[in-house]
Structure formats: structure tokens, C-alpha cells
Participant: 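Before I ask anything, let me first share the structure, which is written out below as C-alpha cells.
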Amino acid sequence: MPELPEVQTVLEGLQNVLKDRILTGVECYYPGTVIESAAISGCPFPARIGEFQRRGKYLLLHLESASSLIIHLRMTGKLVYEPNPEEPHKHERARITLQGGDAVRFIDPRTFGKIILTPSNNLAQYLPDLGPEPLGTDFTPQYLHKALQRRSMPIKNALLDQRIVAGLGNIYVCEILYRSGIRPDLPAGKISLTRLKQIVRHTREVLNESLAAGGTSVSDYRRIDDKSGEFQNFLRVYQKDNCPLGHSISNIRLGGRSSFYCPVCQK
DNA sequence: CAATGATCCTGTCCGC
DNA sequence: TGCGGACAGGATCATT
């Protein structure tokens with residue numbers, strides 16, 4: 001499940017592969033995977049990518065033709081660079097074509113991923129309300145304190161809410177709460193500023209460690225060069241039987257998601 | 001407004 | 001060996 005470190009790793013892979021290349025189009029092989037804004041006037045291709053950006057779990061490719069591609073991988077989306085590809089792969093839902101015949105395949109078995117083509121000045125219409133970047137300077141304990149006050153939902157659900165902080169998913173939230181020593185089901189609004197400091201600190205720590213490892217590969221996620229990330233080797237609670245101290249891990253469902261935590265280390 | 005639950009979708013895994 | 005069912009989960013929409 002691509003979260004911030006995986007999306008960032010994919011972005012850097014795209015940057016390596018697509019820098020200075022001329023995009024000639026986006027083909028769609030599954031209804032609804034590619035969405036083209038009605039506000040697009042004239043064909044935005046051929047065009048180079050002027051800027052590569054990530055916002056939360058969204059990839060933003062700004063074309064020099066004043067249009068942008070918004071890509072969301074959701075759970076099983078993968079981008080794979082392919083020199084001169086032939087017929088679409090079995091789970092290939094879309095394809096970004098390049099001048100010269102090469103392409104980036106969008107492979108997504110569960111079909112939830114999207115590629116949106118929209119004028120660059122109209123991005124906001126296709127991006128939801130997103131909270132601060134967890135590695136940015138405005139993600140602070142004070143911010144979290146304010147965002148969570150009087151909220152009764154479990155802290156785990158709050159950290160998964162992209163409107164509160166943009167880019168975290170199930171794996172990293174489990175790991176962040178373990179390192180912070182906080183149970184995932186604690187009501188978000190009742191957590192002290194001191195403990196929120198732990199959350200902010202460990203959010204940065206976990207994300208930075210994962211970025212350094214090229215992300216986490218637990219199921220489908222691969223880098224654009226189809227290599228695995230390595231952070232799954234450093235997970236302490238997610239899909240584990242025991243925490244690093246040997247206590248047995250509990251798995252409860254919160255917001256319909258499995259939530260791994262150590263009942264001894266997390267209070 | 002806040003919180004919860006259903007929904008989308010298919011590959012994988014488990015038990016019988 | 002094969003089958004049914006549970007499960008995985010990000011974001012959105014509907015309901016309470």
C-alpha cells in the first residue's frame with residue numbers, strides 16, 4: 001500500500017526516467033482509470049514535464065503545456081517503465097506514452113488507482129482537502145493538538161485522515177504509534193501535548209528511515225525499476241507476532257482496518 | 001459537524 | 001484438487 005515514502009520513491013524513479021522526455025499521450029484500458037477534465041482545451045501533448053511534485057500520496061506531474069497529471073496509486077497501483085512495450089499487460093489499466101515508443105505502464109489489479117489530466121490552474125478541483133505534509137515545518141505538536149482537540153475518534157483513525165495529515169497509511173501509523181508508546185484506540189482529543197510531541201517526532205523518524213530504505217514492500221509495491229523497498233525488514237509491529245521486546249502483538253479493527261499494537265509497550 | 005459503515009475490486013490464503 | 005469465504009485497504013459517499 002503506497003504511503004508517503006513509497007510515493008516519494010516512485011516520484012524520484014519517474015523523475016529519472018521521464019526527465020527531458022516528451023510525453024505523447026495517456027491511454028486508458030479500464031473504464032474510469034483515466035479522467036480528463038472537461039476544462040482541457042486542445043491537446044496537451046506532446047509535452048515535457050516541467051515539474052515533478054508529491055502532495056500527500058498524490059503524484060503531480062506538471063506538463064510544460066500548462067496541464068498536469070495527477071496520479072494516485074491507491075492500494076495496488078504500480079508504475080513500470082517499459083522500453084517499447086507491446087500489448088497491454090493483464091492488469092495494465094493505463095499507459096503514459098513517450099516519444100520514441102517507450103511508455104510507463106500503470107498496473108493496478110484492484111483498479112482503484114486513477115490518473116487525472118487537468119489544467120494546472122485547476123488542480124484544486126481534483127485534489128481533496130489535504131492536511132500538512134508530515135515532514136514539513138507546519139506539522140507540529142501544537143498543530144496536532146489543535147486539529148485533534150475535542151475529537152473522540154481513535155488516534156489511529158485521526159492519523160489516517162488525510163485532512164489532518166497527508167501521506168500516512170495503515171503501516172506507518174501502526175509503526176509510529178508503537179514507537180510513541182501510544183495505543184491506537186486512544187481518543188485523539190485526550191492525548192497530551194507531551195505525547196503528541198512523541199507522535200510528531202516518531203512520524204518524522206519512521207518516514208525518514210523508510211525513505212532511506214526506498215519504502216516498504218509488503219504486497220504489491222515496487223519501485224519504478226521494479227525493485228522492492230527494504231523498510232519491511234524494519235517493521236516492529238505491522239503484521240508481526242511479537243514486538244522487538246518479545247511481547248505478543250494484538251490486532252484489533254479500527255475504522256475497518258487491522259491495527260497492530262503491543263498491549264505492553266503501548267498505553 | 002463528527003463519527004461510523006458500506007463500497008469499490010481482485011488476488012491470495014485458509015479451511016473443508 | 002477445488003471451492004467458498006474472509007481478508008487486504010485509500011478514499012468517497014451515505015447514514016446516523
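Letters A, B, ... are given to chains in the order of the sequence lines, protein chains preceding strands, and every chain is numbered from 1. This one's a predicted model, so the numbers in the text were calculated from it and none came from an experiment.
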Participant: CG of A:D161 versus P of B:dA3: gap in Å, rounded?
Facilitator: 10 Å
Participant: Round to a whole Å and report the spacing from CE of A:M75 to C1' of B:dG11.
Facilitator: 12 Å
Participant: Between A:R93 and A:Y30, is NZ or CZ placed under 6.0 angstrom from the six-membered ring centre and within 45° of the ring axis?
Facilitator: yes
Participant: For C:dG9 and A:S258 - does any side-chain N or O of the residue sit under 4.0 Å from the phosphate oxygens OP1/OP2?
Facilitator: yes
Participant: Is A:Y238 touching bases, backbone alone, or none of the nucleic acid, heavy atoms closer than 4.0 Å?
Facilitator: sugar-phosphate
Participant: Is there a donor-acceptor pair closer than 3.5 Å between any side-chain N or O of A:D138 and the backbone N or O of A:P132?
Facilitator: no
Participant: Atom CD1 of A:I171 to atom C1' of C:dG10: distance rounded to whole Å?
Facilitator: 12 Å
Participant: Classify the side-chain pair A:Q266/A:R183 by whether it contains a donor and acceptor separated by less than 3.5 Å.
Facilitator: no
Participant: Just how far, in rounded Å, is P of C:dG10 from CG of A:D108?
Facilitator: 13 Å
Participant: If you round to the nearest 0.5 Å, how far is OG of A:S68 from CD1 of A:I116?
Facilitator: 11.5 Å
Participant: Specify the residue among A:Y30 and A:G256 whose closest nucleotide of DNA chain B lies further upstream toward the 5′ end.
Facilitator: A:G256
Participant: Measure from NZ on A:K156 to C1' on C:dG10 and round the result to the nearest Å.
Facilitator: 12 Å
Participant: Partners of A:H145 by side-chain contact (heavy atoms from CB on, under 4.5 Å), sequence neighbours excluded?
Facilitator: A:L193, A:L196
Participant: If the sugar-phosphate is the primed atoms plus P, OP1 and OP2 and the base is the rest, what is the B/S/- string for nucleotides 11-16 of chain C, using protein heavy atoms under 4.0 Å?
Facilitator: BS----
Participant: C:dA8, OP1 or OP2 - any side-chain N/O from A:R253 closer than 4.0 Å?
Facilitator: yes
Participant: Check the distance between C:dA8's P and A:N251's CG and give it to me in whole angstrom.
Facilitator: 7 Å
Participant: Figure out the CD1/P separation between A:I252 and C:dA8, and round it to whole Å.
Facilitator: 13 Å
Participant: Please collect all side-chain hydrogen bond (donor to acceptor under 3.5 Å, both in side chains) contacts where either partner lies in residues 159-174 of chain A, sequence neighbours excluded, each pair once.
Facilitator: A:E6-A:Y172, A:K156-A:N170, A:D161-A:R163, A:Y172-A:S210, A:Y172-A:T216
Participant: It should be established whether A:R151 places a side-chain nitrogen or oxygen under 4.0 Å from OP1 or OP2 of nucleotide B:dA3.
Facilitator: yes
Participant: Where the side chain of A:N208 meets the backbone of A:R204, is there a donor-acceptor pair that is under 3.5 Å apart?
Facilitator: yes
Participant: Taking only the side-chain nitrogens and oxygens of A:H91, find out if one of them lies under 4.0 Å from OP1 or OP2 of B:dG11.
Facilitator: yes
Participant: Once you round it to whole Å, what is the distance between C1' of B:dC8 and NZ of A:K114?
Facilitator: 9 Å
Participant: Between B:dT4, B:dG11, C:dG10, which nucleotide has the shortest distance from any of its atoms to the side chain of A:F112?
Facilitator: C:dG10
